[in-house]
Each structure stands twice: as C-alpha cells, then as structure tokens.
Engineer: 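Here it is: the structure, laid out below.
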Amino acid sequence: MTWTAAVAGATGYAGGEALRLLAAHPSIEVGAVTGSSSVGSLLGTHHPHLLSLAGRVVEPTDVEHLRGHDVVLLALPHGASGAVTAAIEADVAAGTWGGPDPVILDCGADHRLTDPAAWAAFYGTEHAGAWTYGMPELLHAGETAAAAQRAELAATHRVAVPGCNVTAVTLAAQPGVAAGLIDPSSVTAVLAVGYSGAGKSLKPHLTAAEALGSAQPYGVGGTHRHIPEIIQNLEVAGAAAGSVHLSFTPVLVPMSRGVLATVTAPVTDAVASAADPQAALREAWEAAYGAPGSGEGVVSILPEGVWPTTGAVAGSGLATVQVAYDAAAGVATMLCAIDNLGKGTASAAVQSLNLALGLPETTGVVTEGVAP
C-alpha cells in the first residue's frame, strides 16, 4: 500500500531532510510541498540535492493545498503549527478533507508539552494542546525497554516530533532515571550543536564570518525552550513530578549537522555501593537499548571506552550513547550523539509515521553511518 504525504515548510532544513527520507520511502508518495515566502519558486532552488523533487513548485501552506493527503508533515516555525493543525482538523470534521483522517506530524514545538503553564512560560502564546510524543524509545516509569510509547504511536494520528537537543539529552540520561541510578535533582547538560539547528534565517551570528572558528553558547541560564520538554521526558521515565532540576547549556560549534550531549548527574546509593559501579550503570543502559550491535532499532550503546561522535551519525537516523562512572566526582557521565536533522527531527518523524501506519519502525530511515 502507498500513502501520499504533504510537507509544509518544505524549503527549510527540517523540511528538506524530511523530503529526502520520504522520497526514498517505499510506501510513501510525496505530494504537495508548501511554504510561505518561497511560494511559487521551484523546490530545487532551495534543495538542489533533492533531484527527484527539484521541479516541484512550492505551494501555499493552507488547507486547500494540504487537503486529501494521507500524511501531513509540518516543518514550520514554533507557534505556526497550531493554526494549521486546527484548520486541518476542522476540515476533517466537516467532511471536506477528501480522504480519511490524516496522520499529522508536527516537527515544531506546538504540541510537545503537556503542561499549558510550561508552554506559556517558555513560548508566551496560547497552548495548542499536547499530541502523542514522537520518540519511540521514550521509557515509561517501570520499563526497562521502551514499549508503551511505541504502543501509543501505533494508535495515533497526531504526533509531536521531539526537539533535537531534547532527544540527545533524553536518550543519554533516561536509562539512569528509569532504573533509579541517578539523582534527577541535579542534572547538568552541555551540548555541542551544529548550525543547521538554528534554521535558515539570516542573522549576523549565524554567518560564516561569525561562526567559523568560534563556539557560541545560547539559551544560557535556564532560558532555553527545550528545558521543560526534557524535564517532561525524565518525569515520564520515572522521576517524581517536580524533582527534576536541569542546568542546560547548548553551544553552537562550527559544524553543519549534529548534537553531542554530555550529561552529568550524581549517582544514587544503588551505584555508589555496588561492587562494580560502572557495570551497574552499563547494565541499565544495555537493558534500555540492547548490547552493542543488537537490540534497539536506531539507538546503540557503544562498546566500553568508545565515545559518541557526531561524524559517525551524520546523515543518519542513528543515536549513539555511552555512560561512564566518574568515581572522583560521584557522578554518571552520559553522552549521546545524533544528527539534529536526522534522529533529532526527520528520522524521528518517519519512525513515528511508520508505527502509525503499521509499518516496520525503521522503514525509510538511514540506519548506517558514513566514515570518515
């Protein structure tokens, strides 16, 4: 069976990556590609690497042009998806959509947060409502391997795709939270982030003159919008409500793609008193993701002593993780590397779409890296 998919925000980095995956997906036919200021231009002028779609004309992002598709993927700025999804749902309810209720995947933040107060505090607009969270690997309290989130995704037509930084921090730390091995009241995350995570907007600090040869922190001092989403995930994984205190500092570094998250947190007595604290930590991460080379579809814990790097996952939907016990500091050091446009956005969307359509989860997802 083949499903048609429209991509809104098609000319941005996330939209382009989604189109790259969907164009190669054996069960998806790419339909409308839509935008805003780019309406009327050829897609190939924005994404010359997408040769099979280069001649498509960018159409307006409205119900008229999205109507009738089986799948709608929204790669829109934060705050823009809510109005579009409300219009689609009204069209479906009115019986004028021209097809069954579509699977809608929102790559923006509009439907990620379950707490309207958290949305208001960090985004300052009206909350659009929470959708099923698009991280199949998200552990729920009491789980050692993800099952509940996959079941939720298999039963939904509305998916909120996670933030890229959120994905890296969550995948790095959640096994320790779920197993009660780290103290969530003192979590520190420092991330190296590629420039494509900042989007295509022309801003002085994103130009080559400012970026090359320089590392730039942003969202410092508890202001980054991904903070409540990370806290939400760690609470789903088993942290008590209100117990997660997170210091989160992302840093732009001179690479086009990638996120490398280094997360530290104090270990609990279950680790500190273990005969082999390192083994106790590693056992939990392997329970969550499988031993190296097996288990979890796109998330892999690396062999002992091998550290995640962004280059090894660039262009893919993979996430590599590692955990180490720092005995002198009494903390677990947890690392995760992803491609911010891959597992950080488009690949997560395709994984979730596959589950919603009843397809194997990694269909159309790039599951091998490139080296060097």
Side-chain angles (χ1 to χ4, degrees), residues 12-21 47 49 75 107 109 134-135 137 161-174 188-201 203 205-208 210-220 224-226 229-230 233 248-264 289 296-302 306-324 333-351 362 365-372:
Y13 289 136
E17 186 72 356
L19 285 168
R20 183 174 78 94
L21 299 182
H47 298 304
H49 63 296
C107 294
M135 184 185 291
E137 305 85 4
V161 180
C164 55
N165 295 325
V166 177
T167 297
V169 175
T170 301
L171 294 177
Q174 66 169 354
T188 299
V190 179
L191 294 82
V193 182
Y195 271 80
S196 60
K200 278 189 172 182
S201 298
K203 300 175 182 177
H205 76 285
L206 302 180
T207 63
E210 299 283 345
L212 295 181
S214 180
Q216 303 183 52
Y218 64 103
V220 179
H224 198 283
R225 289 172 168 180
H226 282 172
E229 190 181 341
I230 296 169
N233 287 351
F248 175 84
T249 308
V251 181
L252 288 170
V253 298
M255 60 185 182
S256 61
R257 291 172 174 251
V259 177
L260 177 64
T262 302
V263 186
T264 58
Y289 302 134
E296 184 61 60
V298 299
V299 184
S300 299
I301 183 168
L302 297 174
V306 179
W307 307 108
T309 64
T310 57
V313 297
S316 79
L318 300 173
T320 54
V321 300
Q322 188 58 280
V323 60
T333 301
M334 304 159 281
L335 298 100
C336 177
I338 61 170
D339 183 323
N340 57 292
L341 297 176
K343 180 56 179 162
T345 309
S347 293
V350 172
Q351 281 182 269
T362 58
V365 176
V366 179
T367 56
E368 301 289 348
V370 176

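Just so you know, these numbers come straight off a predicted model, no measurement behind them.
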Engineer: Do the side chain of R257 and the main chain of G311 share a donor and acceptor less than 3.5 angstrom apart?
Structural biologist: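 Checked: no pair found.
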
Engineer: Measure the CD1-OG1 distance between I230 and T170 for me, rounded to the nearest 0.5 Å.
Structural biologist: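 I230 CD1 to T170 OG1: 6.0 Å, rounded to 0.5 Å.
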
Engineer: So, H47 side chain and H49 main chain: donor-acceptor pair closer than 3.5 Å or not?
Structural biologist: no

Engineer: Strictly distance-based, threshold 3.5 Å: is any side-chain N or O of S196 a donor or acceptor partner for the main-chain N or O of S256?
Structural biologist: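 Present.
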
Engineer: Return each pair, listed once, that meets salt bridge (charged side-chain N to carboxylate O under 4.0 Å, His left out) where at least one residue sits in residues 188-197; pairs must be two or more places apart or across chains.
Structural biologist: none

Engineer: Looking only at side-chain N and O atoms, does Q174 offer a donor or acceptor that is under 3.5 Å from a partner on E137?
Structural biologist: no

Engineer: Checking S316 side chain against V313 main chain: does a donor-acceptor pair fall under 3.5 Å?
Structural biologist: yes

Engineer: Rounded to the nearest 0.5 Å, how far does NZ of K343 lie from OG1 of T167?
Structural biologist: 6.5 Å

Engineer: Using every non-hydrogen atom in the two residues, find where G344 and I338 come nearest and quote the distance to one decimal.
Structural biologist: CA-CD1, 3.7 Å

Engineer: When you measure from the side chain of Y289 to the backbone of L171, do you find a donor-acceptor pair of N or O atoms at a distance under 3.5 Å?
Structural biologist: yes

Engineer: Where do A348 and V161 come nearest, in terms of heavy atoms and distance?
Structural biologist: CB-CG1, 4.2 Å

Engineer: Okay, side chain of E17, backbone of T345: is any donor-acceptor separation there less than 3.5 Å?
Structural biologist: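 No; zero donor-acceptor contacts below 3.5 Å.
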
Engineer: Using the side chain to side chain contact (heavy atoms under 4.5 Å, CB included) rule, pick out the option among V253, V251, V169 that qualifies with L191.
Structural biologist: V169

Engineer: Does T362 offer a backbone N or O that forms a donor-acceptor pair with the side chain of Q351 under 3.5 Å?
Structural biologist: no

Engineer: How long is the gap from CG on N165 to OG1 on T249, to the nearest 0.5 Å?
Structural biologist: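 Going from CG on N165 over to OG1 on T249, the span is 11.0 Å.
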
Engineer: Just do the side chain to side chain contact (heavy atoms under 4.5 Å, CB included) check on V263 and L335 with the steps written out, would you?
Structural biologist: CA-CA 6 Å; V263 186; L335 298 100; over 6 Å; no

Engineer: Hey, could you give me the CG/CG distance between N340 and L260, rounded to the nearest 0.5 Å?
Structural biologist: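 Reported to 0.5 Å precision, the distance equals 12.0 Å.
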
Engineer: Between K200 and Y13, does the side chain to side chain contact (heavy atoms under 4.5 Å, CB included) criterion hold? Intermediate values first, please.
Structural biologist: CA-CA 7 Å; K200 278 189 172 182; Y13 289 136; 3.4 Å; yes

Engineer: Could you tell me which non-hydrogen atom of P308 sits nearest to which non-hydrogen atom of A337, and how far apart they are?
Structural biologist: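 Closest approach of P308 to A337: CB-CB, 3.6 Å.
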
Engineer: State the CG-SG distance between L302 and C336, to the nearest 0.5 angstrom.
Structural biologist: 9.5 Å

Engineer: In sequence, state the C-alpha distance, the side-chain angles, and the governing distance for Y218 and H205, and then conclude on ring-ring contact (aromatic ring centres under 6.0 Å, His included).
Structural biologist: CA-CA 11 Å; Y218 64 103; H205 76 285; 8.2 Å; no

Engineer: Search all heavy atoms of P162 against all heavy atoms of G134 and return the closest pair with its distance.
Structural biologist: CD-O, 3.3 Å

Engineer: What's the spacing between S214 OG and L252 CG if we round to 0.5 Å?
Structural biologist: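 Result: 9.5 Å between the selected atoms.
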
Engineer: Checking side chain to side chain contact (heavy atoms under 4.5 Å, CB included) for the pair M334/T264: CA distance, chi angles, key distance, verdict?
Structural biologist: CA-CA 6 Å; M334 304 159 281; T264 58; 5.6 Å; no

Engineer: Might you point out which heavy atoms bring S347 and L21 nearest each other, and give the distance in Å?
Structural biologist: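 Shortest heavy-atom contact: OG-CD1, 3.6 Å.
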
Engineer: Counting only N and O atoms by type, is there a donor-acceptor contact under 3.5 Å from the side chain of Q322 to the main-chain atoms of V306?
Structural biologist: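 Present.
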
